[in-house]
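Working notes for the structure below.
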Amino acid sequence: MFIDPYLQTLLIITAVLTAIIMALLAIMLISRLLTSLNRQKYKLKTQQWEDLYLNYLHGDLSLEETAGLMEGEKPYWLWQFFAPYLDVLAGSDFEKTKTLCREIGLIDYYKKKLHRGRTVGKATAARVLGALRCRESVSEMLNLLQSKNPILVQAAAQGLAKSGKTETFFTTAQALLGNTFFTYKGATEILAGFGENICPQIARYLEKESGRLPAVGQGQNIKSPKETPRKNTVNATDYRSIMIDLLGFFKYRQALPLLERLLEKADEETTVHILKAFINMKEVPANLDLKSYLEHRYWTVRNFSARAWQLTGDRQALPVLEKLLSDRNWWVRYNAAEALRSAGQPGLEILEQNTAEADQAAASISSYALSRSEV
Amino acid sequence: MIEAVAQPKKILVAEDDPGLNRLISFKLEKEGYKALTAFDGKAALKIALEEEISAIILDIMMPFLDGIQVLKKVRTAKPHLPAIVLSVKSRENDLNQALELGASDYMTKPFQPEKLIDRLQKVLGNN
């Protein structure tokens, strides 16, 4: 039978394409099936492990018995199982969990990974060993901080923060700022893993810093005491700001007088972070006059001082807040209106007067604040 | 003669972390309590209002309804129900609010479960 060569080619192409599509569909189906089976298997395993683990913690099962029943399982699964407990447990239960992890070989496995693994393996190992507070891995994690790979720097920072080795705090902070692209918020969350015990260290550092101000400013680089040599340099203002953020995060109110002193010589960025720290601490130093900050040339400073003002309720600043209702920045107008709303009757009266003002921005934000008040 | 058997005290464990919830419940059962578990705020509120419970262990951060809201609603129906609140240190304001709402005690994570049981026994004793 004669088949047109053109038709023959078309048939071959169609057959090949169909085969490729079928193969892809089969791969997707098999991979979904395997994932689902793996998930079920993991779920079953964790149910068994949970029973063993709880009985081990309670002393109904010995370390050897428990480890014997858990040994040889996939290390990553075991880690996933233990990780949530390590986050919330303290004292003897934490120590017993760590001993169990050591006995089943989890610590040795991840120590090897940290030493010789690839990026993902090393990063996981740093987090695991940090969460297990393995002090013997600290020097290796410190080396990772100097890596060119931001993923490794981040993992090492998380590991060191969880390890409880507060003496590595400043080095870790410098590496996070110098070798990764974290925002202040992200870096603060990682560094907060060190716990609130770092606050006195930070306060001492800032105390020394305050002696050096105002020589420090944008573009200058810092030399922090007892630090390892750095590849990248860290902007002094960024570094100081993150320290202040951490004091705010932990609501370390003992540092209020220090922050007040720093504020006198602070640049704009530092000022914003100090005001944010006051807001987090829910306290503003008693004698601090916020008026000059409410009139500051930078909108971020005006914005945060309007928020901080709500903690003082200083009536003398009410006219300044009223002026801010016409600010060119929406956030400043919003926070000024919120501040007035929080001031009670005198503030509400100012807002009411402004609803009828010719200034459209002031009228609009005042009406909005008053409507929120009614709600 | 039939002797009356003392029923174990029911404690509601409202904690969204399943591992921690089961760990606390396990420890409570070993101490002779009956643990009722809830993994979100709505379920916690339902159990707290419907069951005869002796105390509640309440996590602040839970889905659907947070611990503060649960405590507020429970307080109107059961003003004297002992409640121990669990939270992370950074949510100090929530803890203060919980104490203002009449929480008997609080613990910040990470914590020792034994200490939680001690505190529970103390608030049950006081009650």
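Values below: all heavy atoms of this structure, side chains included; hydrogens, waters and symmetry mates excluded.
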- Query: Quick one: NE2 on A:His58 to CD on B:Glu31, what's the gap to the nearest 0.5 Å?
  - Reply: 6.0 Å
- Query: What are the two closest heavy atoms between B:Pro110 and A:Asp87, and how far apart are they?
  - Reply: CB-O, 3.7 Å
- Item | Residue B:Glu51 excluded, over 12 heavy atoms near CD under 6.0 Å | yes
- Message: As a quick check of understanding, evaluate side-chain contact (heavy atoms from CB on, under 4.5 Å) for A:Leu89 and B:Leu23, giving each step before the final call.
- Response: CA-CA 10 Å; A:Leu89 290 180; B:Leu23 190 142; 4.2 Å; yes
- Gap separating the NZ atom of B:Lys27 from the CG atom of A:Asp93, nearest 0.5 angstrom: 3.5 Å
- Might you point out which heavy atoms bring A:Ser92 and B:Glu114 nearest each other, and give the distance in Å? OG-OE1, 4.4 Å
- Message: Are there over 12 heavy-atom neighbours, none belonging to A:Tyr85, within less than 6.0 Å of that residue's OH?
- Response: yes
- Message: With a 4.5 Å cut-off on side-chain heavy atoms, are A:Pro84 and B:Leu20 touching?
- Response: no
- Item | chain B contact via A:Tyr53 - which portion, at a heavy-atom distance below 4.5 Å | side chain
- Check the surroundings of atom NZ in A:Lys96: do more than 12 heavy atoms from other residues, nucleotides or ligands lie under 6.0 Å from it? yes
- Task: Give a yes or no on this: more than 12 heavy atoms of other residues, nucleotides or ligands lie within 6.0 Å of atom NZ of B:Lys78.
- Result: yes
- Task: Side chain from CB out, backbone as N, CA, C, O: work out which of these in B:Phe26 comes under 4.5 Å of a heavy atom of chain A, or both, or neither.
- Result: side chain
- Query: Side chain, backbone, both or neither: which part of A:Asp60 has a non-hydrogen atom closer than 4.5 Å to chain B?
  - Reply: side chain
- Item | Side-chain touch A:Lys282/B:Asn96, heavy atoms, less than 4.5 angstrom | no
- Message: Please classify the contact of B:Lys115 with chain A as side chain, backbone, both or neither, using a heavy-atom distance under 4.5 Å.
- Response: neither
- Query: Could you walk me through whether A:Asp51 and B:Arg22 pass the side-chain contact (heavy atoms from CB on, under 4.5 Å) check?
  - Reply: CA-CA 10 Å; A:Asp51 206 32; B:Arg22 284 194 283 270; over 6 Å; no
- Flag yes if more than 12 heavy atoms outside B:Lys30 fall under 6.0 Å of its NZ atom; otherwise flag no. yes
- A:Tyr76 atom OH: more than 12 heavy-atom contacts under 6.0 Å: no
